[in-house]
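Treat the numbers as computed from the prediction; the structure is a model and nothing was measured.
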Amino acid sequence: MSVSNTPRSYGTVTKTFHWVTAGLILVIAPLGIIAERLPYATDAELAVKAQLFSAHKTLGVIVFAVALARILWALTQTKPGDLNHAHKVQSALAAVAHWTLYISLVAVPLTGWVHHAATSGFAPLWLPIGQNLPLVPKSESIAETMAALHWLFGKIMIASILLHIAGALKHHFIDKDATLRRMWFGKTDAPLMPAHRGSFAAPVGAALIFALATGGAATAGLFRDHDSVAGAALAAVASEWTVTEGQIAISVTQLGSPVAGSFTDWTAAISFDPTATGVAGEVTTTIAIPSLTLGSVTSQAMGADFFDSATYPTATFTGAILADAGRYTADGVLTIKGATVPVSFPFDLTVADDKAEMSGTLTLDRRDFGIGASMADESSLGFAVDVTLSVSATR
């Protein structure tokens, strides 16, 4: 049996690429479906879910590499003649279906890989290539778009695979030709048919399928953020000092990897006298919990065992601003998920005229607020939550 293709049959390398790809897809698709549906309320459940997703992602990257190698190999090979060349319409449709499958074998794993690289935390790749990709920043919007495209292209791939299988069975059982046999190992009795003539019509047709599907999905709203919990924006508050720019960021450790995020909707009512010592002012901060983005675990963080945003949509901090020889502390209470805990938050402050810049970092213990109560140890989710606050304000 020839290593390379011949006018009658496919070579060993092409056949190996074909059946290795088929085997990988038969494993990857069920892994992704099962992992998506598994619960993650406990340490054990989360560990199993993460392992299945890691296996799904890792095999997906391998499929991407195999698909590229397969395409490059095919470009150097003779393609055996079409056994159904007399039926031109069927042959043309089959060619479009084949190209649709080829494109999906690259597009599906690639969009999944970019989604993984654009977010952080949960289910790492089991490959010695790192978790990031060049030119792909950590971005919630990129991750959401790639997740949607991964889902859409996955459906196209499944449809093209089913058509591919149906076509092969038709050739074998109805047409009774050697189409299926010549893709299997060993000698085949395929006749010598007219040489295959390449055409741009099939790849263009396949590309058009992807373009139309993507456009239709965009019109239907597939690329909107469906994971975030809807909620009204917090109303503006009266304040002596007006926040002009700022960020409340958090970082947690999940399955040994850091996951960073931030709240996009929050308000601060600040009164402060830069010349005072002792109690120099007061601050009340209200945070919209559903505005949190936290890498790949944003939706999980909104759940009942974590922030329970449906029941407790806001968190608040109220305290006094203490000044002591150039050192500043916000000393008060933080309420999250109905639990109120005393908090002392040291921060750096610079004031010039009527402009102030402050920044500080505080480490909280999630157990104090009943967050992740089912996760009694740190094997899945660390106890520490690092909070970083930076604010620019004017008076």
Side-chain angles (χ1 to χ4, degrees), residues 5 10-11 13-33 53-77 79 93-119 123 125-127 129-136 142-165 167-168 183 196 198-218 222-223:
N5 295 355
Y10 294 98
V13 175
T14 299
K15 293 176 181 180
T16 301
F17 274 132
H18 178 276
W19 293 109
V20 167
T21 303
L24 287 170
I25 295 299
L26 287 175
V27 174
I28 291 172
L31 274 177
I33 295 171
F53 264 123
S54 285
H56 175 79
K57 293 177 181 181
T58 301
L59 291 175
V61 173
I62 293 173
V63 165
F64 177 73
V66 171
L68 286 182
R70 178 181 179 181
I71 291 171
L72 292 174
W73 173 257
L75 293 175
T76 69
Q77 296 297 296
K79 185 174 181 180
L93 292 175
V96 172
H98 274 92
W99 271 98
T100 302
L101 178 56
Y102 296 152
I103 294 172
S104 68
L105 288 174
V106 174
V108 174
L110 180 59
T111 51
W113 195 359
V114 173
H115 168 263
H116 174 81
T119 189
L125 293 173
W126 294 336
L127 294 169
I129 57 175
Q131 305 301 318
N132 301 318
L133 279 173
L135 306 179
V136 179
I142 292 176
E144 289 291 339
T145 300
M146 288 300 109
L149 287 174
H150 184 67
W151 178 89
L152 176 64
F153 293 167
K155 298 299 180 286
I156 295 175
M157 182 177 71
I158 290 172
S160 62
I161 288 174
L162 292 176
L163 287 173
H164 184 68
I165 293 173
M183 183 50 81
H196 174 79
S199 169
F200 286 109
V204 169
L208 185 60
I209 289 174
F210 278 86
L212 291 174
T214 303
L222 179 65
F223 301 115

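Atom-to-atom distance recorded for Ile165:CD1 and Ser160:OG is 9.5 Å, nearest 0.5 angstrom. For the atom pair NE2 of His164 and OG1 of Thr100, the computed distance is 12.5 Å after rounding to the nearest 0.5 Å. To the nearest 0.5 Å, the span separating OH on Tyr10 from OG1 on Thr16 amounts to 14.5 Å. Separation of atoms CG (Leu163) and CD1 (Ile158) is listed at 12.0 Å; rounding is to 0.5 Å. Distance check, rounded to the nearest 0.5 Å: CG of Leu222 to CG of Leu149 gives 7.5 Å. Between atom CG of residue Leu59 and atom CG of residue Leu24 there is a gap of 6.0 Å, rounded to the nearest 0.5 Å.
Checked by atom type and distance alone, the side chain of Lys57 never pairs as donor or acceptor with a backbone atom of His116 at under 3.5 Å. At least one donor-acceptor pair under 3.5 Å links the side chain of Thr76 to the backbone N or O of Trp73. Trp19 contributes no side-chain N or O that, together with a main-chain N or O of Thr14, makes up a donor-acceptor pair within less than 3.5 Å. Here the side chain of His98 pairs a donor or acceptor atom with the backbone of Ala94 at under 3.5 angstrom. Looking at Thr58, its side chain does come within 3.5 Å of a backbone N or O of Trp126 through a donor-acceptor pair. Counting only distance, with no hydrogens or angles, the side chain of Asn5 and the backbone of Lys79 share no donor-acceptor pair below 3.5 Å.
Taking each heavy atom of Val63 and Pro109 in turn, the nearest pair found is CG1-CG, 4.3 Å. Summarising the geometry of Leu105 relative to Arg70, their closest heavy-atom pair is CD1-NH1, 4.0 Å, with the distance given to 0.1 Å. Between Val136 and Ala117 the shortest heavy-atom distance is CG1-CB, 4.0 Å. Taking all atoms of both residues into account, the shortest heavy-atom contact from Ala213 to Leu152 is O-CD2, 3.7 Å. When every heavy atom of Ala55 is checked against every heavy atom of Leu31, the shortest pair comes out as CB-CD1, 3.9 Å. Between Ala207 and Ile103, the closest heavy-atom pair is N-CD1, 4.1 Å.
Taking the six-membered ring where the residue is Trp, Tyr102 and Trp99 present perpendicular rings, their angle passing 60° and hence far from 30°. Between Phe210 and Phe153, the ring planes are perpendicular. Angles over 60° get that label, and only those under 30° would be called parallel.
At a threshold of 4.5 Å between non-hydrogen side-chain atoms, the residues Val61 and Ile129 count as touching. The shortest side-chain heavy-atom distance between Trp113 and Leu125 falls under the 4.5 Å cut-off. Proximity of Ile28 to Ile62: side-chain heavy atoms (C-beta onward) are nowhere separated by under 4.5 Å. Contact check for His150 versus His115: no side-chain heavy atoms found under the 4.5 Å cut-off.
Within 6.0 Å of CG on Leu26 lie more than 12 heavy atoms contributed by other residues, nucleotides or ligands.
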